[in-house]
Structure formats: C-alpha cells, structure tokens
Chemist: 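Sharing a structure below in structure tokens format, with a few things to ask.
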Amino acid sequence: MKKTQLTLIILLLAATISATDYYVDAKSGNDANSGLVSGDAWATLSHAISTLNVDPDLDPIVLLAPGGYTFTQGDYLPIIRRLTILGSGEWATEIEYDNRSHSLVAVLGADVLIQNVVFRPFEGQNGNGAEPIVVHESRLALSNCRFLGQAGMISAAEGILRLDCCDFDVAEDGAGGVGFSVNQARFSDCQFSGGWFCLIAGSSDVTILERCQMNDIATDSFWSGEGVFMAGNVELRDCVFHGWNFRELAGLAFLRGGTLRIVNCLMAASVSTGQYGFLFCAENTSSFSMSNCTLVLNEFREFASPWGRTDFRSTDSVLYYNKGPNPVEELLNDFSYCCLDFNSPGEGNISQEPLFVAGQLGEAYLSQTAAGQAQNSPCVDAGSNPAESLGMDRYTTRTDGVPDTGMVDIGYHYPAFPGAEIELEKREYAPDETMYVYGSAWNYALPTVVDVYVGICRPDGEIWTISPSGWAPAISPWLEDVEMSTGFVFPLQRLFKFDLPASAPAIDTSGDYLFAIALPMAGDPPSGGDIQLTPFHVTDD
C-alpha cells in the first residue's frame, strides 16, 4: 500500500488545532534545554514525557528528530496525560529497546497518539512474554508505525488500542512475531509479514482487523504456530491472506472460545500442514462464520480440526482449487450459497468452476459479459441476499469496477470506492468540553478524484459542514479535487480540536449528533462515493 500523506494541505486547513510543540533530538539535544524550538531540543524522550506529565499545557506535541532513541532495561515511560508523539519522515525515527523489559511505554488514563515511529528490540532478543507497550484504562493510537524483529506483546487488556497503517515485519528467520493481548482493539490498513502473528482477544468486546494484508507468514514454532490465536471475539473484514506457510497447529486461527467472523476476505496460495487444519481449530465452545470470502490455491492437511465441535457457518463464499481434504462430514451441511469443489447438501450451493479473471486490482474478479468477458461466472447474482442488504453494494466483482447490484455475487469483492473515517476519542461530551477529531482515508479501488465533505447532523436534523472558511449550515466541501491513486492511504491524523460550542457552533445543544465524512466523485454535481457516520451525544450538563 502507498502511505500517502496530504500533510501540508491538512495542516493548513486544520487551523482549529492549537497545541504547543516540544522538540527532542537524540543527536544534538540536551535535556537542560527548553525543548520549545528545534535548535534548543531535549535529548531524550524519557525527559520529555516526565516533564510534560506535570506541565500545565493541555495539548503538547512531541516532535522527534530523525535518529535512534535507545532504552535499556528498566527505562520506563509512563504517560498520564494527553500527548501526541510524532516521528520524522517515513520511519526515519527509531526507538530501540530492551525487549526483556515490561512496559517500555505505559499509557495510564490518557489519550495518546504515536505516529511515524519504528520500534525495534535489541538485536538477538526475543519477546520472552515482555510487554513493551501497555495501555491501562486509556486510549492509544499507533499510526504509520513499524514494528521490527521479535516484537513481543502489546497489551491493552484494560484499555483501547487503535493501530492504523502500521507494518509488522517480524523476525526474518520466521522464528518469532508479535502478540496482542487486548480488550478493545482495531487494526486498520496494517501489514503483517514474516514470523508469526498472534492475536489474543480476552474479552466480550470485538477486536476488528480491516483492510489488513497478511503475507508470507511462516513458522515452525509449536506454541506460536497459528496466524490468529483467539480467546475472545474477532472480526476480519476486507483482508488479504497470501503465502502463509504453517507447519504446526492451525494455519489461520486457533479458537479457544469466543467468536471469529470473517467477511469479504481473500485467502490464497497458502500451505498448512499442521495437525489442526488450515482454516480453524476449535477448542471448548467457539463460533466461526465466513461470508463473501474466496479461498483458492491453498494446501492443507485438514480443512478444520476434527475435534471440538464448533458452531460453523459459511455463506456466499468460494472454496475452489484447493489441495487437501474436504471439510469433515459434520460441517458439510453448514455451507450455503457457496461455490465449492466438493459436494455439500446446503441450500443454494453450486459446484461449477467460478471462472475467475484478472483485473487491475487482482486475479479474483468474476467473468461477466457486462464487463467485456465472453461469459458470466455462475457466482454472479447467485448469493443469499441482495448486495445492498449485505453492505456489498460498495464493492465489485467486475473488472470495470461497477459496484455489485441485485443478488450478491458469491466470493470476495474488490472495493469500488475510496473510503474515509472520522473517529472521536469518545462518544459523549459535556457542554464546554473539548472535542478531538481524528481522520483517515484510503483507496483500494481504481484511481479517482474526489471531493471531501466533513460535517455534522444536529439533533434537529439540520446539517452543518466544515469548509476552509469555517462552519456553516450548508453543504460545502472541505477539500476539492483530491487525487486518490490505487493503494492511497492517509494514516490516522488528528484533524480538528473544538472547544464546545465556542469553536463548533453547530454543536450548541444537548442531544444525539452524527459526525459525517463523505468522498463523492469530483464533478458538478459530485456523485457516488462513500459516506461514514460517527454518532456522539452531548449531555445537558
């Protein structure tokens, strides 16, 4: 993916953000300096955090100069206040740490954003169960960060973890990886490669992985031989799995209770010769569902574990051209409206070849005469429900990018439109409180040009939007003619800071609001595109 940042434009337009910048430079700084200008920078991140924890400034931003910042065993960065830490450039700032230590960074009752930073354990170290990043009753967002080597655990069992546009390139020798012990977590536009990837979700909240790429993951390790180790509730959506090679345990997931839901994912060219199967392994009571997925050209010893009956359901999915045993007999009735190369008595299943064709975004499109191919795939319009009711009308199986309409097509769908999101640090605000608004954008569809609209729907139904000239009770674009190439990703950024209602006149009464961002195709008038709504509430006092 191309991590593209409209940094200059965003900073010029997000004039509502007021913050104090503090500078840290490991090469030329000194902790005796003021830290207020780049030429008078502090030397260590430890000093910056300890100083700002008690500083009266309400909104500090720490700017890290390019270079390496080293933390030995015992170094500890407790963050107890709102803080933004920004590295320089495209991963030019690196934090190297002793991975035998717990809590390199501990976020305690604060809202923290760390961006453009590389995390690397000392050479030759493995995780040994250490937790270099811990979140306690707080929110931590990691945006456009990179984790190298055997990165150990990131623990947010008592807080909220948000990872956006992060890369996990773990252990080139395939001997280790990264683990997450989470309560409420979301991974967006992340890439995982090398070693193993382990996700442990230990609560009733849902951990979400969306638009993630998981490529060339391989391991011989018995205790960590799964792609996703799950002890809670997890949802994977719009993800691509390619080139996995697992020789122990499960190829995708080891379920120990909880629910795993996979929506619109592509899983291809992977091998799992482990004893518990490629797709999932069940222990105790677990639930697994798969919809609008495509599994092709995979090789596995078992499709699923032969022990531990799991509540399993597969709909609107393609399982074809795979090498290995068919699903165990007790699962055959749980496939419906699927394209299968094995016999299943489930409702709506078909056994004809899916007729894949290659297009600009991949090789799993469906052949369709309307897009210029000679014949229609049997998977076209053969699904269980209308595409609109399943949310698949924003996606396409056609090489010309036209969205799915009518009955949903069976199998994986490519994005048809760019996407964007507004994220708030919380969902309830009191009058005179400060609201921080974060945003991200991406395009995995064909190249396009969009306008960007950001606004509010008030409790009385009135719509206000934000433009370069400020708030207005009208529909006006915030940005115009934004070019979005395929693979464009704008990582999570803090875009706005509003003091309610002084700098946000639309949010001047109690009630339920919707914060909206829309990306219609540029034109007169704009058309199509995606819109995302984020609800929040303003209290009476």
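Residue numbers start at 1 and run along the sequence shown.
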Chemist: Where the side chain of Ser138 meets the backbone of Val135, is there a donor-acceptor pair that is under 3.5 Å apart?
Modeler: no
Chemist: Could you measure the distance from the CZ atom of Arg313 to the CE atom of Met290? Nearest 0.5 Å is fine.
Modeler: 11.0 Å
Chemist: Quick test of your reading of the model: are Asp59 and Arg494 salt-bridged, counting only N-O distances below 4.0 Å?
Modeler: yes
Chemist: Donor-acceptor pair, distance only, cut-off 3.5 Å: does the side chain of Ser88 make one with the backbone of Thr93?
Modeler: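 Checking the backbone N and O of Thr93 against the side chain of Ser88, no donor-acceptor pair under 3.5 Å is found.
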Chemist: Would you find a donor on one side and an acceptor on the other, under 3.5 Å apart, between the side chain of Ser143 and the backbone of Pro491?
Modeler: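 Here the side-chain-to-backbone pair does not exist.
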Chemist: Can you tell me how far the CD atom of Gln493 sits from the CG atom of Asn144, to the nearest 0.5 Å?
Modeler: 8.0 Å
Chemist: Is there a donor-acceptor pair closer than 3.5 Å between any side-chain N or O of Asp512 and the backbone N or O of His537?
Modeler: no
Chemist: Would Phe490 and Val482 count as a side chain to side chain contact (heavy atoms under 4.5 Å, CB included) if you check the C-alpha gap in whole Å, the side-chain angles of each, and the deciding distance to 0.1 Å?
Modeler: CA-CA 12 Å; Phe490 177 67; Val482 177; over 6 Å; no
Chemist: Under the ring-ring contact (aromatic ring centres under 6.0 Å, His included) test against Trp478, which residue among Trp471, Trp464, Phe496 passes?
Modeler: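 The passing option is Phe496.
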Chemist: Answer yes when Arg162 and Glu421 have at least one side-chain N-carboxylate O distance shorter than 4.0 Å, and no when they do not.
Modeler: yes
Chemist: Of Lys497, Arg139, Arg82, which is the lone residue that meets salt bridge (Lys or Arg N to Asp or Glu O under 4.0 Å) with Glu425?
Modeler: Arg82
Chemist: Can you tell me how far apart CD1 (Ile466) and OG (Ser476) are? Round to the nearest 0.5 Å.
Modeler: 11.5 Å
Chemist: Can you tell me how far the CE atom of Met484 sits from the OH atom of Tyr444, to the nearest 0.5 Å?
Modeler: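 Here the interatomic distance stands at 10.0 Å.
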Chemist: For the residue pair Asp238 and Tyr395, confirm or rule out a side-chain donor-acceptor distance under 3.5 Å.
Modeler: yes
Chemist: Is it the case that the side chain of Arg394 and the backbone of Phe417 share a donor-acceptor pair, with hydrogens and angles ignored and the cut-off at 3.5 Å?
Modeler: no
Chemist: Between Phe515 and Phe536, how do the two ring planes meet: parallel, tilted or perpendicular, split at 30° and 60°?
Modeler: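 Tilted: the ring planes of Phe515 and Phe536 meet at 30° to 60°.
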Chemist: Determine whether a donor-acceptor pair (N or O, by modelled atom type, separation under 3.5 Å) exists between the side chain of Asp404 and the backbone of Met392.
Modeler: no
Chemist: Checking Thr396 side chain against Val402 main chain: does a donor-acceptor pair fall under 3.5 Å?
Modeler: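 Side chain of Thr396 to backbone of Val402: a pair is present.
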Chemist: Could you tell me how the ring of Tyr414 sits relative to the ring of Tyr412: parallel (under 30°), tilted (30 to 60°) or perpendicular (over 60°)?
Modeler: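 The rings of Tyr414 and Tyr412 stand perpendicular, inter-plane angle above 60°.
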Chemist: Asn443 side chain to Ser485 main-chain N or O, any donor-acceptor pair under 3.5 Å?
Modeler: yes
Chemist: For Thr465 and Gly455, indicate whether the former's side chain and the latter's backbone hold a donor-acceptor pair under 3.5 Å.
Modeler: no
Chemist: For the side chain of Tyr429 and the backbone of Leu500, is there at least one donor-acceptor N/O pair under 3.5 Å apart?
Modeler: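 Such a contact is absent between Tyr429 side chain and Leu500 backbone.
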Chemist: Less than 3.5 Å apart, any donor N or O on the side chain of Ser291 or Asp316 sitting next to an acceptor on the other?
Modeler: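 No, no side-chain donor-acceptor pair sits under 3.5 Å.
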Chemist: Output all residues satisfying side-chain hydrogen bond (donor to acceptor under 3.5 Å, both in side chains) with Glu94, sequence neighbours left out; order by chain, then residue number.
Modeler: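 Counting only residues at least two positions away or on another chain, Glu94 forms a side-chain hydrogen bond (donor to acceptor under 3.5 Å, both in side chains) with Arg120.
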Chemist: Is there a donor in the side chain of Thr434 and an acceptor in the side chain of Asp499, or the other way round, less than 3.5 Å apart?
Modeler: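 Note: Thr434 and Asp499 side chains meet the donor-acceptor criterion.
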